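See below for the structure under consideration.
Worth knowing before you read on, the calculation uses all heavy atoms, side chains too, and leaves out hydrogens, waters and symmetry mates. Each chain gets a letter, A, B and so on, in the order its sequence line appears, and its residues count up from 1. The structure presented is a predicted model; accordingly, all values stated were derived computationally and were not measured.
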Amino acid sequence: MADDTILATQGLTKEFKGFVAVKDVDLSVRRGTIHALIGPNGAGKTTCFNLLTHFLTPTRGRIFFNGREITGSRPAAIARMGLVRSFQISAVFPHLSVLENVRIALQRKRGHSFDFWLSERLLRALDAKARELIEAVGLAGFEDTLATELAYGRKRALEIATTLALEPEMMLLDEPTAGMTHEDVDRIAALIKRVAMDRTVLMVEHNLSVVSTLSDHITVLARGEVLAQGDYATVSKNPAVVEAYLGAGHA
Amino acid sequence: MAISDTAAIATRASNTARAGIVLMLAALAIAPFVGLYPVFLMKALCFALFACAFNLLLGFGGLLSFGHAMFLGTAGYVSAHAAKVWGLPFELAVLSGTAAAAALGTLVGALAIRRQGIYFAMITLAIAQMMFFFYLQTPFTHGEDGIQSVPRGRLFGVFDLSSTLTMYYVVLIIFALAFLLIYRVIHSPFGQVLKAIRENEPRAISLGYDADRYKLLAFILSATLAGLAGATKSIVFQLASLTDVHWTMSGEVVLMTLLGGMGTIFGPVVGAFIIIGIESYLSDFGEWVTVITGVIFVVCVLAFRRGIVGELSAWWSKHAG
């Protein structure tokens, strides 16, 4: 059982002044699955992500990744262990080219890059791998474009390519399809499905059709607490979930 | 085809930069023979190096330090003291001043790097003010008088630096080496990570880079090179004074960098030559020089925000591509 769980939290709680954003959340993500975190606005989904990657420090509770406690680990160290996150607002390096964006992630494999006396030309060894990843997310031909000049959907694709470059064991995606056109949503959904073949994905997502087609397991949050857990069919029939989403009266 | 395109663009860009560096250094090498005073050139080169060091932190690390005078001034005092009181030769005096700036940079950086934006600027300013009062009070700096008539000595015990022209070429070589080092830092694996942190720090962290350690290294490098500028300057002009640790000096380097073009490799050099040129050649106007530089700064911020070199290269890439 424990071996099967890649990420787990116990009583995860975050209090801001007089306001509990996340309350006693016990999360258990199984290895190799796509796990969706859903809930109405302000339910604490993004706060949860920030706690898991230690961009925020929890008030109480513990976090385990691969059986190892990471509650107190630094964000960059957590990333190096193989738990890599994306952001709600697209996380690219705007004034670097698409190629350079992906290469920055590949460069991580060199270890720390404190070598300021070496030429960046040695990074060209990583170009081939970077091009492969860029092509895999459908951005071939955009290698030399500055990330800031890409359309929104392509920025998200670039972000996924960059995350994939780290070959993370587990990816946390914060609203990967937010603000996208229909075709972009389909493309990204297909991409997520493909990259989740050999890794675990935990994602916050508002688009329920994406959630229903992609996810194996769903956790519903409302007002910082876990409201329901299970697969899509179970969760969507849960009266408490329907009420949280549509308001009282529909339940 | 795409592969050869990218490589070609990268190669062309670095070739342009390299040609620019060779041209700039060649022009500086013959400058004393085409009517420019070596003393003016040496002053401009010291400030150009100071501005380049500052630009490494601001333009490529995205960190605005408002206390860089402390590194210029500290190195100046230590070098002047080492040359005059300890009797160290030129190269060791410059080295000890630079090392002092590096040590101070490590301490200040470790403190300041934890804060961002305006708070980072305020911490560096506050520490620089503390350093100013320390140098005002401590006996070895001789307060308002400064350390005067610092001996230039001989380089490696051979080259007599009291000759202005010899001194000029030594300054030029120091500048050239430091400039090439900065160019290399910008175009190193470290430089790539630094740019990524400047562009999007949370994302760089989420990729596994400890942003603070990269910023600290950039801060130390910048402080060290600013120190090299200050050390050289105090021995060349045989004077270390409070002017170099005063907060207006921290402001002046911001002005030079923005005027020339922040985040460009030649910008700080151009900015330093223009500001020092105005101060030297328009000195007849007295106090009005401050007004003139002020007006130039306002015009620069309003009309060409990318600075002179920044605007020129933007214009060039628009018309060439």
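- Summarising the geometry, atom CD1 belonging to B/I197 is positioned 8.5 Å from atom CD1 belonging to A/I104; distances are rounded to the nearest 0.5 Å.
- The two residues A/L118 and B/S188 come nearest to each other via the heavy atoms O-CB, 2.9 Å.
- Residues in residues 100-113 of chain B take part in no side-chain hydrogen bond (donor to acceptor under 3.5 Å, both in side chains) pair, two or more places apart or across chains.
- Considering every non-hydrogen atom in both B/V193 and A/S113, the closest pair reads CG2-CB, 3.8 Å.
- For residues 189-204 of chain B, the salt bridge (charged side-chain N to carboxylate O under 4.0 Å, His left out) pairs, not counting sequence neighbours, are B/E201-B/K215.
- Chain A forms more heavy-atom pairs under 4.5 Å with one residue of B/G191, B/A204, B/P202 than with any other, namely B/P202.
- Under the 3.5 Å distance criterion, the side-chain polar atoms of B/N200 are left unmatched by any main-chain donor or acceptor of A/F93.
- Under the 4.5 Å side-chain criterion, counting only non-hydrogen atoms from C-beta, B/R184 is in contact with A/S119.
- Contact count against chain B (heavy-atom pairs under 4.5 Å) is highest for A/H95 among A/R85, A/R103, A/H95, A/E100.
- Chain B forms the most heavy-atom pairs under 4.5 Å with one residue out of A/D115, A/V84, A/T53, and that residue is A/D115.
- For A/T163, the parts sitting under 4.5 Å from any heavy atom of chain B are the backbone and the side chain alike.
- The NE2 atom of A/H54 sits 11.5 Å away from atom CD1 of B/I205, with the distance rounded to the nearest 0.5 Å.
- Aromatic ring pairs are classed by plane angle as parallel below 30°, tilted from 30° to 60° and perpendicular above 60°; the pair A/F116 and B/F190 is perpendicular.
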